[in-house]
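The figures that follow rest on heavy atoms only: side chains count, while hydrogens, waters and symmetry mates do not. Note that ligands are numbered from 1 as they come in the structure, with each ligand's atoms numbered from 1 the same way. The structure displayed is predicted, hence computed values, not measured ones.
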Amino acid sequence: MSQERLEVIAGRLLQSISDFAAIGATPAGGVNRQALSIEDRTARRLLAERALARGFTVFQDDAANLFIRREGRDATLAPLLIGSHLDSQPTGGRFDGALGTLCAFEVLEAFSDAGVETVRPIEIVAFTNEEGSRFSPGCMGSMAFCGAGRVEDWQADDPVFADELKATLQALPEAEIRPTGHAISAFIELHIEQGPILERENVPIGIVTGIQGTKWLEVTFSGEAAHAGTTPLAFRKDPMAAAAVAIARMQEEIMPADEEARLTIGRISTEPGSINVIPGRVSFTIDIRHPDAAALAAIERRVKEQCHAAGRRWGCDAAIRLRVDMPPARFAPSVTAVIADTCRSLDIRSRTMVSGAFHDALFVGRVAPSAMLFVPCRNGISHNEAEFVSDEHIVTGARVLLGVAQRLSQDQCPRSG
Ligand code: GLV
Ligand code: MN
Ligand code: MN
């Protein structure tokens, strides 16, 4: 079929992005569509309905990863996988994840509009719980897909997750449930950069060569609940004091000593959480990141020491659990070369970069040659309702994704590594 007609339809793509942004829309213009929530299920349903209306096949796996498949000439070949996720942070933006999923759907529609028969099938994926805000770890769907984590373990660990996963799977009865982790030929994920580099340099496409490492720790200080007014200093086993000291030390030491290091305390809770009770227990999360695995491990050791020291100082026990351990990943040069080549042929400027955020491609890259392309976002802001990507950058990203998908859905299979 004619190659000239193979093109994304900008108006359709932009409308689709605003249709999905309405699901879980927040008053400030963002979305709250956390993993496996009613809103997440509504978004999955809309995507599935649109896919079925176009004659594509829709299926899920045991991790509730949602797949949409368009057949190629040879159904026995492993499909090319493109996509991202549909879940969001509680005060998330409308583009993080949704952009890559909906651009992937636009690519599939473009192939169908043009009547182009690809050699291999192409599948779109919306991975389950990339964000990790409602259930930990993040990237559950892609971890399960590549065998880096087990749905059964997460179900056993968290009954709410188990119930919500089941309800999400049942909410799409028309989508057959298949075993997790089928073979694919390669994976491409389009995403917003979530940082300031592309915008600052006025470059429309980032070719992502790798992802820095992430560790998530959960720290719990246990002390002794006591009366706020009657308990003298010498009698206090105050886990809030321990947490405050530990957090202050980390913030003062870790990032100032290494400009590549990232450290975030994003969640803190106290029990019983009463104004006039010294808490019995204080828990908080630590998100640490670094592009170098050894430096990341050293930061982990250091924050653990700081927590234990603060616990001793305040007579509290410190329990530290590693919830997520994602080593830095390097994408397949065979795939990044295809993205670079596609940009050149479309006369679109690009630059290579390493991702500061983690993504499903980090895990999928363990089982198939994978890479990502980024588009700029305003002021680098993401995980924020103000997240914004211009229409022009959306369409440019989708055009590059289409060109890459066209190349990779021919019979050649890119090499890993
Ligand atoms: C992804 O959402 C991340 O936290 O990097
Ligand atoms: Mn994302
Ligand atoms: Mn995110």
Side-chain angles (χ1 to χ4, degrees), residues 17 20-21 24 26 30-35 37 39-40 43 65-66 82-104 124-143 145 187-197 206 208 210-218 260-267 285-291 296 323-329 353-365 370-377 380-389 394 397 401:
I17 288 165
F20 279 78
T26 60
V31 288
N32 178 5
R33 198 168 55 229
Q34 294 184 67
S37 62
E39 294 77 16
D40 189 16
N65 294 317
L66 176 64
I82 53 177
S84 189
H85 60 99
L86 284 173
D87 67 311
S88 82
Q89 292 287 330
T91 52
R94 45 170 58 198
F95 302 100
D96 177 358
L99 183 71
T101 310
L102 300 176
C103 284
I124 292 174
V125 62
F127 280 116
T128 296
N129 187 30
E130 190 273 350
E131 296 291 1
S133 57
R134 186 169 180 223
F135 304 111
S136 197
C139 290
M140 263 183 188
S142 47
M143 285 178 79
F145 185 77
F187 176 55
I188 310 293
E189 182 172 5
L190 179 154
H191 207 278
I192 59 169
E193 180 198 345
Q194 308 184 279
I197 298 170
V208 187
I211 299 189
Q212 71 174 346
T214 299
K215 287 178 191 269
W216 283 358
L217 304 173
E218 272 173 14
E260 290 190 299
R262 303 284 181 268
L263 176 132
T264 304
I265 316 298
R267 184 186 296 153
T285 56
I286 312 177
D287 174 315
I288 50 178
R289 314 221 181 181
H290 203 287
L296 188 62
R323 289 304 306 261
V324 165
D325 190 3
M326 302 181 189
M353 59 202 307
V354 171
S355 174
F358 60 71
H359 297 284
D360 292 306
L362 183 152
F363 287 103
V364 184
S370 301
M372 299 184 70
L373 56 140
F374 280 171
V375 295
C377 56
I381 289 178
S382 181
H383 285 190
N384 184 317
E385 291 157 284
E387 185 182 271
F388 177 81
V389 183
I394 292 171
L401 184 66

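A side-chain donor-acceptor contact under 3.5 Å links Asp96 and Gln194. No side-chain N or O of Glu385 forms a donor-acceptor pair with one of Thr91 less than 3.5 Å apart. No hydrogens or angles considered: nothing links the side chains of Asp287 and Thr264 as a donor-acceptor pair under 3.5 Å.
By the criterion of a separation under 2.8 Å, the protein N/O/S atoms near the Mn ion (ligand 2) amount to His85 NE2, Asp96 OD1, His191 NE2.
Heavy atoms only, all atoms of each residue included: Gly266 and Thr285 are closest at N-OG1, 3.6 Å. Taking every heavy atom of both residues into account, Ala361 and Ser370 meet most closely at O-CB, 4.2 Å. Closest heavy-atom contact between Gly132 and Asn129: N-OD1, 3.0 Å.
In this structure, the separation between CZ on Phe95 and CD1 on Ile17 is 6.5 Å, given to the nearest 0.5 Å.
Screening Phe374, Phe187, Phe127 for a ring pair (Phe, Tyr, Trp, His ring centres under 6.0 Å) involving His359 leaves a single residue, Phe374. Put simply, the residue from Arg33, Glu39, Gln34 that forms a side-chain hydrogen bond (donor to acceptor under 3.5 Å, both in side chains) with Ser37 is Glu39.
Listed by chain and number, Glu130, Glu131, Arg289, Ala357, Phe358, His383 each place a non-hydrogen atom less than 4.0 angstrom from ligand 1.
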